[in-house]
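Here's the structure we're looking at; comments come further down.
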Amino acid sequence: MPRFHVTWGTGTGVVEPFVRHALQAAAAGRLTIHHRHRVDELVVTEGAVTGVRGTVLGPDDAARGVSSHREAVGEFELSAQAVVVTSGGIGANHDLVRRFWPERLGKAPGFLVTGVPAHVDGRMLEISERAGARLVNRDRMWHYTEGLRNWDPVWPGHGIRILPGPSSMWFDALGRRLPAPCLPGYDTLGTLRHLRTDPDIAGYDHSWFVLTQQIVEKEFALSGSEQNPDITANDRKAFLRERLLGKGAPAPVAAFVEKGADFAVAPILDELVAKMNAMTDEPLLDAAALRHQIEARDLQIANPYSKDAQVQGIRNSRRYLGDRLGRTATPHRILDPAAGPLIAVKLNILTRKTLGGIQTDLDSRVLSADGSPVPGLYAAGEVAGFGGGGMHGYNALEGTFLGGCLFSGRKAGRAAAASTA
Ligand SMILES: Cc1cc2nc3c(=O)[nH]c(=O)nc-3n(C[C@H](O)[C@H](O)[C@H](O)COP(=O)(O)OP(=O)(O)OC[C@H]3O[C@@H](n4cnc5c(N)ncnc54)[C@H](O)[C@@H]3O)c2cc1C
């Protein structure tokens, strides 16, 4: 089946049924929601977790995703027969990301863009550890190699991930085409490993897409609910208008091409490479070397039995009707002026998912260092490595993260409820 999918309503649509149930429970007096209450400590009584303690933060009407102020206006303590930690991963805390960056992914990047809101700070991990939780698999993480600096940031250092179709050519910081299978949309961690372990390029934190206007129009999608207003609003007519029938790139993509700090546009390659070189501290790219590689690839477009792995991938993708209609540009030469202008995109490494965390059993009960459950404590979602402390192993598949959050959350809720029965 196609690996990539987007839900109608995006993230807000996924959350909506749960919010509805929660608000109904709150209206019926079965649930109390404590907004602006930051947990700083888990209360442990005779070896069991019996509640939470923390800081009440002052009111803030920041929009969704925008970091709110941290000004304390009070303290609080709540007790309960069960505490479920669901505080998310570590992606907004670059120090933590670098501290646990695995050797197998090479050198940790000096510059990262942040693919998650500021609250994904990893603070609850050590707070849980102090209450007896065992933290495992902290070196497992999932970051993207196609991050853009957001020209209109929602949170600090906000990076947007390109969800690329198969046709952009991918070059390293020195202008060498990435080897297969490091192709757009193929193997995220494999590409990250390549970029961070090759000694010639591991000192650089960026790579490049080179493509055409035709490719950007058909193949660039951007991750994030605010980048997909038609899908977020469940507006199927706007979706058809913008993405299938419309002329040009979807408006959020066009805005990035025009305003994004990581985009360069030029009618001819020499001019494009000059602009690309101006976007880095030192000029690393040679226009003639880039031209040689692009022409070699372009020749393969005319070859019906091409051995170029990317050209094969483009043709393969077009065998699936959905991708042919909405996701993969008609194969063309990158240097064909009719497909232009040429576009270069400087790609940064974008933090996203934390694949390890609090270890739990199959009921989402938090385990201690000796493997026994910590009484009263449960953990679910990304803070528990999407379940158990790392249910994905070292790798994962696109779109399999929320499933782990929902499933481990359900297990935690049921087990916590059963513990009082
Ligand atoms: C732009 C983007 C796109 C994504 N796309 C996909 C996708 O297509 N498919 C997919 O499967 N996954 C996707 N993910 C990942 C997925 O959204 C997250 O893994 C998931 O939302 C994590 O859920 P969670 O409930 O565990 O944590 P979060 O959603 O991070 O929620 C944690 C909550 O805990 C609160 N919190 C944290 N610390 C404290 C504290 N000390 N006291 C009180 N509250 C605290 C936070 O404020 C927050 O409300 C995406 C993520 C992003 C950012």
Side-chain angles (χ1 to χ4, degrees), residues 3-15 18-19 22 33-42 52-57 60 62 64-68 70 72 76 78 83-93 113-128 130-131 141-144 146-148 150 153-155 157-163 188 221-228 231-232 350-355 357-358 360 364 378-387 391-392 396-410 412-413:
R3 268 178 52 194
F4 192 76
H5 56 270
V6 182
T7 51
W8 280 111
T10 67
T12 51
V14 170
V15 170
F18 300 95
V19 172
I33 300 170
H34 296 278
H35 289 298
R36 305 293 291 156
H37 282 52
R38 186 187 65 201
V39 174
D40 300 322
E41 191 186 341
L42 299 178
V52 293
R53 212 173 268 138
T55 309
V56 183
L57 305 173
D60 192 312
R64 181 178 168 274
V66 175
S67 23
S68 57
R70 306 278 100 187
F76 73 96
L78 298 165
V83 172
V84 187
V85 179
T86 59
S87 51
I90 65 169
N93 185 335
V113 292
T114 309
V116 293
H119 65 69
V120 188
D121 60 10
R123 239 178 117 250
M124 280 305 295
L125 284 162
E126 280 171 25
I127 291 172
S128 304
R130 282 200 287 280
M141 37 184 92
W142 174 277
H143 306 302
Y144 289 107
E146 316 96 333
L148 304 173
N150 192 350
V154 176
W155 55 74
H158 192 172
I160 295 289
R161 186 203 169 202
I162 305 172
L163 308 166
T188 295
L222 301 171
S223 182
S225 44
E226 77 285 357
Q227 299 298 330
N228 296 281
I231 305 178
T232 301
L350 173 139
T351 62
R352 185 79 101 214
K353 279 123 188 175
T354 310
L355 301 185
I358 300 177
T360 74
S364 296
Y378 301 78
E382 195 166 345
V383 75
F386 298 98
M391 73 158 192
H392 286 288
L397 285 175
E398 282 300 344
T400 55
F401 302 98
L402 287 169
C405 293
L406 298 178
F407 186 68
S408 60
R410 189 177 77 153

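If you're wondering where the values come from, they're calculated on a predicted model, not measured in any experiment. Whatever order the structure lists ligands and atoms in, that order sets their numbers, starting from 1.
With Arg161 contributing its side chain and Ser223 its backbone, the two residues share no donor-acceptor pair below 3.5 Å. Without hydrogens or angle criteria, Ser364 side chain to Ala380 main chain gives no donor-acceptor distance under 3.5 Å. A distance-only check finds no donor-acceptor pair linking the side chain of Trp142 to the backbone of Arg352 [under 3.5 Å]. At distances below 3.5 Å, at least one donor-acceptor pair connects side-chain atoms of Thr351 with backbone N or O atoms of Gly91. Side-chain atoms of Asp121 never come within 3.5 Å of backbone atoms of Ala92 as a donor-acceptor pair (strictly under, hydrogens ignored).
Looking at Arg161 against ligand 1, nothing comes within 4.0 Å, counting heavy atoms. Of the heavy atoms in Val39, both backbone and side-chain atoms come closer than 4.0 Å to ligand 1. Only backbone heavy atoms of His37 (N, CA, C or O) come within less than 4.0 Å of ligand 1; its side chain stays farther off. Contacts between Glu382 and ligand 1 below 4.0 angstrom, taking non-hydrogen atoms only, involve backbone and side chain alike.
Side-chain contact, Ser225 with Arg64: a donor N or O sits under 3.5 Å from an acceptor N or O. With hydrogens and angles left out, the side-chain atoms of Ser68 and Arg70 include a donor and acceptor closer than 3.5 Å.
Of the candidates Ser68, Ala384, Ser87, it is Ser87 that places a heavy atom closest to atom 36 (N) of ligand 1. Scanning Ala379, Ala118, Pro117, Gly88 for the heavy atom closest to atom 28 (P) of ligand 1 points to Gly88. For the residues Thr86, Val14, Val52, Val116, the heavy atom positioned nearest atom 32 (C) of ligand 1 is part of Thr86. Here the shortest heavy-atom distance to atom 30 (O) of ligand 1, taken over His119, Glu398, His158, belongs to His119.
If you number the atoms of ligand 1 from 1 as listed, the ones under 4.0 Å from a heavy atom of Gly115 come out as 53 (C). Here is the list of ligand 1 atoms found below 4.0 Å of a heavy atom in Gly399: 9 (N), 11 (O). Shown in contact with Ser223 at under 4.0 Å from a heavy atom are these atoms of ligand 1, numbered in order with element: 3 (C). Interface of Arg38 with ligand 1, defined as ligand atoms under 4.0 Å from a residue heavy atom, comprises 41 (N), 42 (N). For ligand 1, the atoms sitting less than 4.0 Å from at least one non-hydrogen atom of Gly381 are 26 (O), numbered in the order shown with element in parentheses. Which parts of ligand 1 touch Phe386 is read off a 4.0 Å heavy-atom cut-off, strictly below it: atoms 19 (O). The atoms of ligand 1 that sit less than 4.0 Å from any heavy atom of Arg123 are 41 (N).
Between Phe401 and ligand 1, a contact under 3.5 Å exists for at least one N or O pair.
Under the salt bridge (Lys or Arg N to Asp or Glu O under 4.0 Å) criterion, Asp60 pairs with no residue, sequence neighbours left out. Remark: Phe76 engages His37, Val39, Val52, Val56, Leu78 in a side-chain contact (heavy atoms from CB on, under 4.5 Å) (not counting sequence neighbours).
Nearest heavy atoms, Ala412 versus Val84: CB-CG1, 4.0 Å. When every heavy atom of Leu355 is checked against every heavy atom of Phe401, the shortest pair comes out as CD2-CE2, 3.8 Å.
Ligand 1 has at least one atom lying under 4.0 Å from a heavy atom of Arg352.
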